[in-house]
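Here's the structure, in structure tokens; my notes come after.
Since the model is a prediction, treat every value here as computed from it, not as a measurement.
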Amino acid sequence: MKHYAGLDLSMESTQVCIVDDNGRKVVSEKVESSPEAIAMMLERYGPIERAVIETGRMSPAICLGLRELGVPVVCIDARQAHQSLKAMKANKTDPHDAAGLAQLARTGFYKEVHVKSPAAQGLSGILCERPVTVIR
């Protein structure tokens with residue numbers, strides 16, 4: 001049986017929800033917000049077909065870290081995910097968001113976004129910095 005995961009990231013902890021291919025919830029629990037802790041939790045429940053996270057400040061680091069650990073993770077557009085979750089009429093809580101993201105992972109109803117490498121993120125930060133011109 002295939003499993004799909006939704007990850008609702010925050011600074012301290014991540015709410016993880018895993019559903020099966022019929023959409024039934026297998027488990028929902030909170031883990032530390034690190035790729036290693038999330039990957040260990042996902043491994044306990046068998047191979048994951050796909051995990052989904054929303055774009056945000058922590059998404060690049062977590063997404064790239066999970067990919068390095070062999071977790072098939074997809075980063076999706078947060079605005080589209082918000083609209084989809086709002087349509088599900090769930091209360092705005094971490095467990096409900098994770099469950100909604102797991103359902104999006106299962107159905108494939110999302111728009112994947114590209115996650116830049118750390119080198120590209122650093123270069124982007126340098127290029128966006130504006131030089132100060134002094135006029136005398």
(request) Measure the OH-CD1 distance between Tyr4 and Ile18 for me, rounded to the nearest 0.5 Å. (result) 13.0 Å
(request) Check whether any side-chain heavy atom of Ile38 lies under 4.5 Å from a side-chain heavy atom of Ile62, and answer yes or no. (result) yes
(request) Kindly state each residue pair satisfying salt bridge (charged side-chain N to carboxylate O under 4.0 Å, His left out) with at least one member in residues 29-49, sequence neighbours excluded. (result) Glu29-Arg44
(message) By the salt bridge (charged side-chain N to carboxylate O under 4.0 Å, His left out) test, which pairs, at least two apart or in different chains, include something from residues 50-63?
(response) none
(message) What I'd like to find out is whether the side chain of Thr55 reaches to under 4.5 Å of the side chain of Ile76, using heavy atoms alone.
(response) no
(request) Measure the CE-CG distance between Met1 and Asp20 for me, rounded to the nearest 0.5 Å. (result) 5.0 Å
(message) Would a single hydrophobic cluster contain both Leu69 and Ile53, if residues Ile, Leu, Val, Met, Phe, Trp and Tyr are joined by side-chain heavy-atom contacts under 4.5 Å?
(response) no
(message) Does Met40, at its CE atom, have more than 12 non-hydrogen atoms belonging to other residues, nucleotides or ligands within less than 6.0 Å?
(response) no
(message) Minimum heavy-atom separation for Ala39 and Val71, please, with both atom names.
(response) CB-CG2, 4.0 Å
(message) To the nearest 0.5 Å, what is the distance between CG on Leu9 and OG1 on Thr14?
(response) 4.5 Å
(request) Ignoring hydrogens and angles, state whether a donor on the side chain of Ser33 or Ser13 is under 3.5 Å from an acceptor on the partner side chain. (result) no
(message) Between Val16 and Leu42, is there a side-chain heavy-atom distance shorter than 4.5 Å?
(response) yes
(request) Kindly write out the residues that satisfy salt bridge (Lys or Arg N to Asp or Glu O under 4.0 Å) with Asp21, not counting sequence neighbours, or none if the list is empty. (result) none
(request) Could you grab the distance from atom OG of Ser10 to atom CD of Gln15, nearest 0.5 Å is fine? (result) 9.0 Å
(message) Taking the side chain as everything from C-beta on, heavy atoms only, tell me whether Val27 gets closer than 4.5 Å to Cys17.
(response) no
(request) Please name the pair of heavy atoms, one in Pro35 and one in Ala61, separated by the smallest distance, quoted to 0.1 Å. (result) CG-O, 4.1 Å
(message) For a 4.5 angstrom cut-off between non-hydrogen side-chain atoms, does Leu7 reach Leu66?
(response) yes
(request) Would you indicate whether the side-chain heavy atoms of Val19 and Val26 approach each other to under 4.5 Å? (result) no
